[in-house]
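I have placed the structure first, in the form of structure tokens, so that the comments after it can refer back to it.
All ligand and atom numbering here is 1-based and tracks the order in the structure. In this text the structure is predicted, and so the values were computed from the model without any measurement.
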Amino acid sequence: LFGYVGIEAVLDQMKIKTMKTGFEFNIMVVGQSGLGKSTMVNTLFKSKVSRKASQPGQEEHIPKTVQLQSVTHVIEEKGVKMKLTVTDTPGFGDQINNENCWDPIIKYINEQYERYLREEILITRKRKIPDTRVHGCVYFIPPTGHWLRPLDLEFMRRLSKIVNVVPVIAKADTLTLDERAEFKQRIQEDLKTHAISVYPQEDFDQDPDDRVLNDLIREKIPFAVVGADQEHQVNGKRVLGRKTKWGIIEVENPAHCEFPLLRDLLIRSHLQDLKDITHNVHYESYRVRRLNESNR
Ligand code: GDP
Ligand code: MG
């Protein structure tokens, strides 16, 4: 009667709908002061958003971050509009006594779940609930080349239970390629020994194809990243990079660092998965916890 409506048509409709309404995607960056978090926020946007011309060589001074601060830009990827928000946080674990230093971060993440929950339980729900939930939390590991510090382990252990944690080796340009590889291996062992499950968690692989793809990513985690918010001229092209005595480290060049892997994971290949796991796993366990509390 109505003819056959193929799955492609359904997918197209879904795509048209998201294209019209757009969607929200929220990332948070966390770690000690001076590891390049604020720079990375700019790197993420500059590598995606229409290049804002900047004066080569003229370092923009990034002020020290003293409070939670969000930056939002609407970016378009293959005709789909996305409202990307990156929340920058002040140096974490800078104190002599770092007891409970993760509290403000955990509080922020839970507050966003709470907001969503309140909208969701209203009788007359909005057609589209504003989503400020953190879909990915990028944790900056200092490039010591040794082992993870107890603070790093404790943070990731706690946070990985409530949010998708994506660890990165900060300022990887300060390590040689061999040092990066060795450090990465140690971190992977450390995480395994302490049973800390960062994103993408093996438990949530959907099918064998997923597993194969995610295994490749798990081998490369934590990505050794370099951030920059300056553009330089390289072979007649403008590239985002850091100028050093020995040449320019191009942040978007996969031969120079793994920033491209981080960007692709977050805002391309795993964007929908990060959203799904946030909603189906992390938000869901928050919701169950809260509803149990109020039933008591
Ligand atoms: P935050 O405190 O974590 O927000 O760090 P900032 O982004 O403010 O950066 C602190 C300093 O480190 C600045 O001088 C940056 O230019 C520099 N920096 C940022 N990213 C990198 C990087 O990937 N490599 C190197 N070598 N320096 C970086
Ligand atoms: Mg900062």
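Side chain to side chain, His135 and Asn164 fail the donor-acceptor criterion of an N or O pair below 3.5 Å. A donor-acceptor pair shorter than 3.5 Å can be found between the side chains of Arg149 and Gln32. Side chains of His256 and Asp173: a donor-acceptor N/O pair is absent below 3.5 angstrom, by distance only. Under the 3.5 Å distance criterion, with hydrogens and angles disregarded, no donor-acceptor pair is assigned to the side chains of Asp264 and Ser269. If you check the side chains of His279 and Arg133, you find a donor sitting under 3.5 Å from an acceptor.
The side chain to side chain contact (heavy atoms under 4.5 Å, CB included) test with Tyr286 singles out one residue from Leu117, Ile109, Val281, and that residue is Leu117.
The ligand atoms of ligand 1 that sit less than 4.0 angstrom from a heavy atom of Ser33 are 2 (O). Atoms of ligand 1 lying under 4.0 Å from at least one heavy atom of Lys37, given by number and element, are 1 (P), 2 (O), 3 (O), 4 (O), 5 (O), 7 (O). Heavy-atom contacts of Val226 reach the following atoms of ligand 1: 23 (O) (cutoff under 4.0 Å).
In terms of polar-atom proximity, defined here as any N/O pair under 3.5 Å, Asp173 does make such a contact with ligand 1. Taking any N or O of Val225, backbone or side chain, none lies under 3.5 Å from an N or O belonging to ligand 1. Taking distance alone, with nitrogen or oxygen atoms compared against 3.5 Å, Thr39 approaches ligand 1 more closely than that limit. Geometrically, ligand 1 and Gly227 share a nitrogen or oxygen pair separated by less than 3.5 Å.
Here Ser33 does not reach the Mg ion (ligand 2): none of its N/O/S atoms is less than 2.8 Å from the metal.
In the hydrophobic cluster analysis, where Ile, Leu, Val, Met, Phe, Trp and Tyr join through side-chain heavy atoms closer than 4.5 angstrom, Trp147 is grouped apart from Ile169.
Of all the heavy atoms of Met40, none lies under 4.0 Å from any atom of ligand 1, so neither backbone nor side chain is involved.
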